[in-house]
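In listed order, ligands and their atoms are each counted from 1.
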Amino acid sequence: MNVLLIGSGGREHALAWKIFQSPRLKKFYAVPGNPGIAEFAECVENISAEKNSDVVKFAQEKNIDLVVVGPEAPLVNGLVDELEKVGIKSFGPKAAAAQLEGSKIFAKQLMEKYKIPTANFEIFENPDDAKKFLKTQNFPVVIKADGLAAGKGVIIAKNFEESLEAVDEMKNFGAAGSKIVVEEFMEGEEASILAFTDGKNIVPMISAQDHKKIFDGDEGLNTGGMGAYSPAPVVTEEVLRKVEEKILKKIISALNEEKIIYQGCLYAGLMIKDGEPKVVEFNCRFGDPETQVVLPLLESDLLEIMLACAEGNLSDKKISWKKDTAVCVVLASGGYPKSYKKNLPIEGIKKAESLGAIIFHAGTKRDGDKILTSGGRVLGVTVTEKNIRQAIEKVYKCVGVIKFEDMHFRKDIAAKALKYI
Ligand code: AMP
Ligand code: GLY
């Protein structure tokens with residue numbers, strides 16, 4: 001099978017790493033890819049992943065059998081719709097289904113209509129109405145921009161003043177912030193369940209937990225995710241069963257009722273309190289860094305599963321997972337998620353690999369035989385081990401041999417798992 005992967009982050013490197021293990025793979029391309037992905041696929045940088053027509057043309061020229069779309073933007077922009085028009089299969093939802101992530105209002109209204117557990121909410125089309133409503137609320141509340149805002153369109157307001165500022169800040173998200181959702185604040189512990197779906201069947205992957213805040217102890221600004229581990233013990237078998245019955249199967253049948261077929265990876269961001277899961281958000285793609293811990297635990301052939309999702313026969317596939325534990329620590333540029341330096345040389349990648357880590361490139365570029373930083377999240381360092389304690393110990397040993405100027409990472413990744421032992 002000839003495969004084209006879209007994207008350039010740590011998630012896409014993890015996808016490439018796993019797809020490359022499939023005996024079904026023939027030619028493998030990535031647009032645009034990154035220096036890590038380049039070990040597995042031919043990276044094509046002279047076409048833009050943002051231009052659907054360029055990607056479609058390239059996929060036709062190279063006789064691509066399956067396009068795997070990593071990030072949300074091309075999904076929301078209808079890349080899969082365009083590929084389908086010329087008869088090319090994709091792993092990832094079409095634009096109508098990708099609205100689950102592309103519009104918080106679409107997702108919230110669908111959950112409300114089909115009684116899928118989530119935070120109570122109100123929708124506002126202008127800031128003044130939102131502010132009037134906030135006068136009547138208890139705090140904290142959560143203020144969200146409707147559209148895609150690169151993970152930054154969510155503000156937890158601790159009091160009335162902060163909530164007014166948050167409403168004003170939504171203007172900074174352009175069209176994405178022109179409508180606002182005000183949401184009840186949910187207490188609990190978060191977890192991520194990614195799931196494979198062919199539009200009829202939905203199969204959860206092994207559970208994971210992200211660490212969204214920049215500093216230890218969940219302090220500081222929100223980021224794309226500073227580390228993850230899998231499985232997440234907060235997702236007990238009982239919780240997982242509830243997630244399947246009350247959330248995953250229900251959202252797929254809700255979409256079907258609305259005449260929308262969702263195929264690809266559906267990501268449910270969950271808040272779990274007293275064993276009851278509620279939806280924080282849906283994403284229409286694999287999570288990052290969650291993918292960097294989930295895929296190293298997947299025993300089955302990822303490419304086979306992706307093809308089954310695209311062809312609508314996921315029920316024929318057996319999906320099995322290793323009994324191990326995986327931990328990923330993200331190494332970020334100092335200053336991230338605000339401004340940071342780029343083009344700093346990275347040392348120690350080979351050494352960390354020789355200690356047993358899988359190094360996923362997230363924001364790097366190649367300069368001759370050097371690897372330089374080129375993004376906020378630079379590398380993901382993943383290890384798998386028999387248990388969580390060993391995995392934590394080993395991952396930080398591997399992190400310890402990697403260096404670049406102002407490198408920042410959290411020292412408490414997976415610490416939340418220890419309380420369950
Ligand atoms: P989102 O982009 O919707 O995932 O929100 C980003 C982060 O904000 C989530 O991972 C949660 O930590 C937090 N969050 C969002 N909505 C809520 C909520 N209703 N209650 C509590 N925390 C929330
Ligand atoms: N790790 C959070 C996300 O992928 O949205």
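- Side-chain contact, Asn256 with Lys200: no donor N or O sits under 3.5 Å from an acceptor N or O.
- In this structure, of Lys212, Glu183, Glu190, the residue bringing a heavy atom nearest to atom 11 (C) of ligand 1 is Glu190.
- Taking distance alone, with nitrogen or oxygen atoms compared against 3.5 Å, Arg285 approaches ligand 2 more closely than that limit.
- Within ligand 2, the atoms closer than 4.0 Å to a non-hydrogen atom of Gly287 are 4 (O), numbered from 1 in the order shown.
- Residue Glu184 has at least one nitrogen or oxygen atom sitting less than 3.5 Å from a nitrogen or oxygen atom of ligand 1, judged on distance alone.
- Under a 4.0 Å heavy-atom criterion, Gly224 is in contact with ligand 2.
- Ligand-side atoms of ligand 1 in range of Val154: 1 (P), 2 (O), 3 (O), 5 (O), 8 (O), 15 (C), range being under 4.0 angstrom from any heavy atom.
- Which parts of ligand 1 touch Lys144 is read off a 4.0 Å heavy-atom cut-off, strictly below it: atoms 3 (O), 15 (C), 16 (N).
- Between Glu290 and ligand 2, at least one N/O pair is under 3.5 Å apart.
- Counting all heavy atoms, side chain and backbone alike, Asp198 lies closest to Leu314 at OD2-N, 3.0 Å.
- Under 4.0 Å from ligand 1, not a single heavy atom of Glu187 appears.
- Between Phe133 and Phe124, the angle of the ring planes lies from 30° to 60°, which puts this pair in the tilted group.
- Using bins of under 30°, 30° to 60° and over 60° for the plane-to-plane angle, the ring pair Phe360/His13 lands in the perpendicular bin.
- Ligand 2 places these atoms under 4.0 Å from at least one heavy atom of Asp210: 1 (N), 2 (C).
- Between the side chains of Asn34 and Ser8, not a single donor N or O lies within less than 3.5 Å of an accepting N or O.
- Contact check on Asp218 versus Arg410 returns a salt bridge, with a Lys/Arg side-chain nitrogen under 4.0 Å from an Asp/Glu carboxylate oxygen.
- Taking only non-hydrogen atoms, the option from Asn222, Leu270, Asn283 nearest to atom 7 (C) of ligand 1 is Asn222.
- Summarising the geometry of Leu194 relative to Cys265, their closest heavy-atom pair is CB-SG, 4.0 Å, with the distance given to 0.1 Å.
- Both the backbone and the side chain of Met186 come within contact range of ligand 1, each with a heavy atom under 4.0 Å.
- Salt bridge status for Glu281 with Lys144: absent, with no side-chain N to carboxylate O gap under 4.0 Å.
- Each of the following atoms of ligand 2 lies closer than 4.0 Å to a heavy atom of Asn283: 5 (O).
- Residues Thr118 and Lys108 have side chains that bring a donor and an acceptor to within less than 3.5 angstrom of each other.
- For ligand 1 and Met271, the ligand atoms under 4.0 Å from any heavy atom of the residue are 21 (C), 22 (N).
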